[in-house]
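Residue indices begin at 1 and follow the sequence shown. Both counts, for ligands and for their atoms, begin at 1 and track the order of listing.
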Amino acid sequence: MDTKKLRAEIEAAITAIKTIEDCNAFHQKYLGKSGVVSGLMGSLRDIAPEMRGAAGAEFNAIKRDTESRLFKLQEEIRVREINEKLMNDARVDITLPDLGRDVGNLHPITRVLREVEAVFGSMGFYVEDGPEIATEFENFESLNIPKNHPARDMQDTFWLSNGSVLKTHTSASQNRMLKKYGPEFSAIFPGRCYRNENLDASHEMAFFQVEGMMVGRDISIANLIYFMRQMLAAVFKKDVKVRLRPGFFPFTEPSFELDASCVFCDAKGCSVCKKSGWVEFCGCGMIHPRVLEMGGVNPTEYQGFAFGFGLTRLAMLKYGVDDVRVFNSGNLEALAAIK
Ligand code: PHE
C-alpha cells in the first residue's frame with residue numbers, strides 16, 4: 001500500500017469539502033467501518049510480519065491525522081453555517097434585547113442576613129455558624145440560667161430525648177465563641193432558633209436570630225450602641241436612632257432592651273410602632289462575669305457586650321411584612337413579591 005499516495009488523496013478530498021454533507025460523505029468513505037482507512041488496518045495481515053509494526057504505526061498515524069483534520073473542519077463549517085443562517089434569516093433579530101427571564105430570588109431572610117453580615121464583617125466581626133442542636137449546658141447553664149430558674153420558662157423549649165435541645169436562642173453559642181476566640185474578639189453568629197410557640201402573625205416556631213459579642217478591654221455599652229446604629233443604617237439605608245430601656249437576662253448585667261426609631265413613620269407614630277415612634281428591636285447588655293468565666297475569660301481583666309436580635313423581625317421591618325408566616329410558607333409567589 002502506497003501510504004504517500006493515500007495521504008495525498010485524503011488531502012485532496014479534505015480540501016474539496018465545503019459543507020457538513022461533504023464531511024459526512026468523507027467520513028463514510030475514509031473513516032467509516034468499511035472505509036479506506038479501516039481497510040488499511042484489515043490489510044495488515046497480508047504484510048510480512050517484520051514490516052507489520054512499522055506499517056501499523058503509519059496506518060494509525062494516518063487515521064489519527066485524518067480524524068483530527070475532519071473534526072476541526074466540521075467545527076469550522078458548523079460555526080460558519082450558523083453565522084450565515086443568523087445573518088440571512090430575517091426572522092431572527094440578534095440585536096433584540098433578551099427576554100429577561102426570571103431566574104429566581106433569594107429568600108428575604110437571606111437577603112437581610114447578607115447585609116447584616118457584610119456590615120459587621122466590614123467592622124471586623126467574625127461571622128460564625130452554629131449547630132441547630134445545643135446541649136443543656138450551652139443553651140442554659142453556660143448562660144447563668146440554672147435548672148429551675150424561671151428564665152427557662154420564658155422560652156418554651158423543644159427537648160430532645162437525649163437531653164439536648166433545639167436551641168432556643170443564638171446565645172447558646174456564646175460559650176463556644178468565648179472558648180474559641182477569647183479573651184479579645186468580636187463576632188456575630190446568626191442561626192435558626194426554635195420555640196414551642198402558638199403560631200400567629202408575629203410568632204413562628206422556627207425563626208432566625210443574630211447574636212453578637214464583643215469582648216476585650218474597655219468595652220462598654222457605648223460601643224454596642226455605635227455598632228447597632230451602623231448596622232441599622234446599613235439595612236434601612238437611613239439614619240436610625242436607638243434607645244435603651246432596662247431589661248432582664250440572666251446572662252447580661254446590666255441588661256437592656258434596645259428600641260429602634262420607627263422606620264415606617266420616621267418616629268412620628270404609626271400603627272407599626274403603636275404611635276410610640278419606637279419599635280422593640282433586641283435584647284442586649286454587658287456579658288455577665290459568670291458567663292465570661294465559664295467561657296474561660298477572666299472577668300476582672302476583660303468585659304464585653306452581647307446582643308441578640310430577631311433576624312426574622314428585622315426582615316419584617318425592612319420589607320414591611322406584617323405576617324411572619326409568609327417566610328416559612330414556601331409560597332414562592334408571595335416571597336418573590338417581597339421587595
Ligand atoms: N438571647 C436573648 C433572647 O433570645 C437575647 C439576648 C442576647 C439578650 C444577648 C442579651 C444578650 O431574647
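- Ligand 1 has no N or O atom lying under 3.5 Å from any N or O atom of T168, backbone or side chain.
- Remark: R69 CZ is loosely packed, at most 12 non-hydrogen atoms of other residues, nucleotides or ligands lying under 6.0 Å away.
- Within the cation-pi definition used here (under 6.0 Å to the ring centroid, within 45° of the axis), R111 qualifies as a partner of Y319.
- Summarising the local packing, CZ of F137 is surrounded by more than 12 heavy atoms from other residues, nucleotides or ligands at distances under 6.0 Å.
- For ligand 1, the atoms closer than 4.0 angstrom to any heavy atom of C284 are 8 (C), 10 (C), 11 (C).
- A continuous path of hydrophobic side-chain contacts links M41 to V36 [ILVMFWY only; heavy atoms under 4.5 Å].
- By the criterion of a heavy-atom distance under 4.0 Å, the side chain of F251, and not its backbone, is placed next to ligand 1.
- At a 3.5 angstrom cut-off on N or O pairs, T252 does not count as close to ligand 1.
- Considering backbone and side-chain atoms alike, R195 places an N or O below 3.5 Å from some N or O of ligand 1.
- Those atoms of ligand 1 with a heavy atom of G308 less than 4.0 angstrom away are 5 (C), 6 (C), 7 (C), 9 (C).
- A salt bridge is defined here as a Lys NZ or Arg NE, NH1 or NH2 lying under 4.0 Å from an Asp or Glu carboxylate O, and E138 with K167 fails to meet this definition.
- Minimum interatomic distance between H203 and N198 (heavy atoms only, all atoms of both residues): CB-O, 3.6 Å.
- Proximity to Q209 (heavy-atom distance under 4.0 Å) selects the following atoms of ligand 1: 3 (C), 4 (O).
- Residue-ligand proximity: F309 is placed with every non-hydrogen atom at 4.0 Å or more from ligand 1.
- One finds a salt bridge joining E128 and K180 here, because a Lys/Arg side-chain nitrogen approaches an Asp/Glu carboxylate oxygen to under 4.0 Å.
- Backbone and side-chain nitrogen or oxygen atoms of H169 are examined, and one is located within less than 3.5 angstrom of a nitrogen or oxygen of ligand 1.
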